Amino acid sequence: MRIYLAHNFAAREYLKVAVIPFFENNGHEVGASWITDDRHLDPKWKVESAVRDLMDIEECGALVFFAKQFAEIPGEGKYVELGYAIRAGKIVVVVHSWHREEQRCVFYDLCTIRHTDNLEGVLPYLGGKQKVDAL
């Protein structure tokens, strides 16, 4: 399945070296150009980058949302991506590291949202190959 990764912009390198290979090794394709396209760094591409991100979500079957902040700059765009994916009817899996009782976003409680505390826990929601490699 083609999936979109919603995380803080500061997490790009982590996603490139750990998360994308994990999903690829488990038979999935990551379609989130913001992670690899450096035009996102150039202010003159700001609007085009936002539109591309929404198109990437449209082209994916699922969105994996990383609730935990990466670095000190909060990930604000990832919440727009989360809402867009919910409205588009995509499979949404929230990866978090707290107890569900400590949830921080009311949308995490929607009945269509799936939850896990690690990458391996995302795989059952995506279907397909289930080979799990350690990170």
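Below, each value reflects all heavy atoms present in this structure, side chains not excepted, and no hydrogens, waters or symmetry copies. Quantities reported herein were computed from a predicted structural model and do not represent experimental measurements. For the single chain, residues carry numbers from 1 onward in sequence order.
- Atom CG of Leu63 and atom NZ of Lys78 lie 11.0 Å apart (nearest 0.5 Å).
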Salt bridge (charged side-chain N to carboxylate O under 4.0 Å, His left out) between Lys16 and Glu13, worked out = CA-CA 5 Å; Lys16 286 179 195 176; Glu13 286 306 311; 3.1 Å; yes
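- Side-chain contact between Arg52 and Asp37: absent, with no pair of heavy atoms (C-beta onward) separated by less than 4.5 Å.
- The closest side-chain heavy-atom distance from Phe65 to Ile113 is not below 4.5 Å.
- Side chain of Asn118 to main chain of Glu120: a donor-acceptor pair is present (N/O by atom type, distance under 3.5 Å, no hydrogens or angles).
- Using a distance-only test at 3.5 Å, with no hydrogens or angles considered, no donor-acceptor pair links the side chain of Trp45 to the main chain of Asp38.
- Taking every heavy atom of both residues into account, Pro124 and Gly121 meet most closely at CD-O, 3.4 Å.
- In terms of heavy-atom proximity, His96 sits nearest to Ala67 at CB-CB, 3.9 Å.
- Closest non-hydrogen pair, Gly31 versus Cys60, comes out as O-SG, 3.6 Å.
- Of the possible polar contacts, none joining the Arg114 side chain to the Val92 backbone as a donor-acceptor pair under 3.5 Å is found.
- Proximity of a side-chain donor or acceptor of His28 to a complementary backbone N or O of Met1 within less than 3.5 Å is detected.
- Taken to the nearest 0.5 Å, the CD atom of Glu81 stands 7.5 Å off from the CG atom of Leu54.
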Step by step, work out the side chain to side chain contact (heavy atoms under 4.5 Å, CB included) result for Val64 and Val30.
-> CA-CA 10 Å; Val64 177; Val30 174; over 6 Å; no
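- With a 4.5 Å cut-off on side-chain heavy atoms, Lys90 and Tyr84 do not count as touching.
- Counting heavy atoms from C-beta outward, Leu123 and Phe22 have side chains that approach closer than 4.5 Å.
- Using bins of under 30°, 30° to 60° and over 60° for the plane-to-plane angle, the ring pair His7/Tyr14 lands in the perpendicular bin.
- Side-chain polar atoms of Glu59 and Tyr4 form no donor-acceptor pair below 3.5 angstrom.
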Between Phe23 and Leu5, does a side chain to side chain contact (heavy atoms under 4.5 Å, CB included) hold up when you go through it step by step?
-> CA-CA 10 Å; Phe23 284 115; Leu5 303 176; 3.9 Å; yes
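- Annotation: side chain of Asp56 is not in contact with side chain of Trp34 (no heavy-atom distance under 4.5 Å).
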